[in-house]
K.L.:
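Below you will find the structure I want to go over with you.
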Amino acid sequence: MPELPEVETIRLGLQKYLVGHTILDVDIRMAKIFQGEKKNVIGAKITDIKRIGKVLIVELNNEFLIAIHLKLTGQLIYRGERVSRVPRVSRVKIGGELPNKFTHVIFHLDRNSVLYYNDMRKFGWIRIVENSKLKMQSFFKDLGPEPFKDLTFSKFIKIVQSSKTPIKLVLMDQKKIGGIGNIYANEALFDAGIDPRRPAKQISEEEAKKLYSSILKVLKNGIKYGGSSDVNFVNALGEDGSYQEHFLVYGRKGEKCRRCGLVIKKIKLGGRGTYFCPACQR
DNA sequence: AGCTGTACCTGCAGGC
DNA sequence: TGCCTGCAGGTACAGC
């Protein structure tokens, strides 16, 4: 499901509701999702929630942490005393009642609270890791610099100009840049007026400047609108985001370009659906 | 080194 | 109505 803005939306929710809770037990219903020893987190208190790229990090008051990757369809939903009402859940196809058939891990917390991990396609994972060993893990050791963190413009232009692959694939390559996925790559390239097929190294400095600020802009907007619930993203309370209502190209094949009125095209790039306006993006 | 295709899963939309 | 195909926000890995 989620890219940087969706994961950040969940992080903000979890930070509000989860910090301070103690983990009483972990109910693992699908073994492949949960990696590591649950005994290392039982009894620990949650001290903070962080995000590295598209991965959530639940910090504990011991020497372990919980790293969670939601991949395409993972959801983390909190229910407990700090939520005065159960939000109306409209777009979670799985319906409002929890747990359901897609609930694969349940964290039982103190004060009658619960954190559900749901994942229709079971691609995601929850990993118990020693604090000091996180950066040695396969996913993290190769992760590129991140927008809003260490992705400066001078790093960005070096990354872009050192690859001959299509610019869209460079934006989505987590080893080059952390956090951008298919939706925001499409939207950023539209905003910058750049054809997603262009070999990255032939992007000029001026275009790179525009693209850099477009990336920050679309990610910021994604966070502002609480993420995109185009399919089944929900925040930490199970509620929808609304950024899908603001998409300018993603998913708009055959519709009119909002800038010039010509028809949005869809092609495949690196196996992923790619939407663009042939007139505005060059 | 770096690219491409495929695998991992399940549900759903669209075509016939 | 129902079957079949392709597609979906992400990575990891095999093979060239």
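Below, chains carry the letters A, B, ... as their sequence lines are ordered, and counting in each starts from 1. Every value quoted in this text rests on a predicted model; they were computed, and no experiment measured them.
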K.L.:
Looking at DNA chain B, which of residues 263-270 of chain A put a heavy atom within less than 4.0 Å of it?
P.N.:
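Within this stretch, nothing sits under 4.0 Å of the strand.
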K.L.:
Are R259(A) and F190(A) in a cation-pi setup, meaning NZ or CZ lies under 6.0 angstrom from the ring centre and within 45 degrees of the ring axis?
P.N.:
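So R259(A) does make the cation-pi contact.
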K.L.:
Are any of K54(A)'s side-chain N or O atoms less than 4.0 Å away from OP1 or OP2 of dG10(C)?
P.N.:
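Affirmative; the distance criterion is met.
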K.L.:
Is S163(A) touching bases, backbone alone, or none of the nucleic acid, heavy atoms closer than 4.0 Å?
P.N.:
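Sugar-phosphate, backbone atoms only, no base.
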K.L.:
Does H69(A) make a side-chain N or O approach to OP1 or OP2 of dG10(C) shorter than 4.0 Å?
P.N.:
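For dG10(C), neither OP1 nor OP2 has a side-chain N or O of H69(A) closer than 4.0 Å.
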K.L.:
Anything under 30° is parallel, anything over 60° is perpendicular, the rest tilted; go ahead and classify H104(A) against Y117(A).
P.N.:
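Tilted.
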K.L.:
For dT11(C), does OP1 or OP2 lie under 4.0 Å from any side-chain N or O of Q174(A)?
P.N.:
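Checking Q174(A) against dT11(C): at least one side-chain N or O falls below 4.0 Å of OP1 or OP2.
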K.L.:
Using a strict cut-off of less than 4.0 Å between a Lys/Arg side-chain nitrogen and an Asp/Glu carboxylate oxygen, indicate whether K54(A) and E6(A) qualify as a salt bridge.
P.N.:
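The answer is no: the pair does not qualify as a salt bridge.
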K.L.:
Scan F139(A) against the nucleic acid and name what it touches under 4.0 Å (heavy atoms): base, sugar-phosphate only, or nothing.
P.N.:
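Here F139(A) touches the backbone only, sparing every base.
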K.L.:
Is any side-chain N or O of R272(A) under 3.5 Å from a base N or O of dA8(C), one able to act as donor and the other as acceptor?
P.N.:
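A donor-acceptor contact between them is absent.
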K.L.:
With rounding to whole Å, what would you report as the distance between dG5(B) and dG6(C) at their P atoms?
P.N.:
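Each nucleotide's P atom is 16 Å from the other's.
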K.L.:
With a non-hydrogen cut-off below 4.0 angstrom, is G271(A) in contact with a base, only sugar-phosphate, or nothing?
P.N.:
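Since no nucleic acid heavy atom lies under 4.0 Å of G271(A), the category is nothing.
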K.L.:
How long is the line joining NZ of K168(A) and P of dT4(B), in whole Å?
P.N.:
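To the nearest whole Å, that distance equals 13 Å.
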K.L.:
Looking at K101(A), I'd like to know whether one of its side-chain N or O atoms comes within less than 4.0 Å of OP1 or OP2 on dG11(B).
P.N.:
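Answer is yes, contact under 4.0 Å.
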K.L.:
I'd like to know if K209(A) pairs up with E206(A) as an ion pair, taking the criterion as any Lys NZ or Arg NE/NH1/NH2 lying under 4.0 Å from an Asp or Glu carboxylate oxygen.
P.N.:
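Looking at E206(A) together with K209(A), the answer is no, because their closest N to O distance does not fall below 4.0 Å.
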K.L.:
What about the rings of Y116(A) and H108(A), do their centers lie closer together than 6.0 Å?
P.N.:
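Judged by ring-centre distance (under 6.0 Å), Y116(A) and H108(A) do not meet the cut-off.
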K.L.:
Side-chain N or O of K71(A) less than 4.0 angstrom from OP1 or OP2 on dC8(B)?
P.N.:
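Result: no.
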K.L.:
If you look at every strand shown and take non-hydrogen atoms under 4.0 Å, does K32(A) touch a base, only sugar-phosphate, or nothing?
P.N.:
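The residue K32(A) makes sugar-phosphate contact but no base contact.
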K.L.:
When hydrophobic residues are tied together by side-chain contacts of less than 4.5 Å, even through go-betweens, does L70(A) share a cluster with I128(A)?
P.N.:
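Linked within one cluster.
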K.L.:
Test C280(A) against C257(A) for side-chain contact (heavy atoms from CB on, under 4.5 Å), laying out the working first.
P.N.:
CA-CA 9 Å; C280(A) 294; C257(A) 171; 3.7 Å; yes
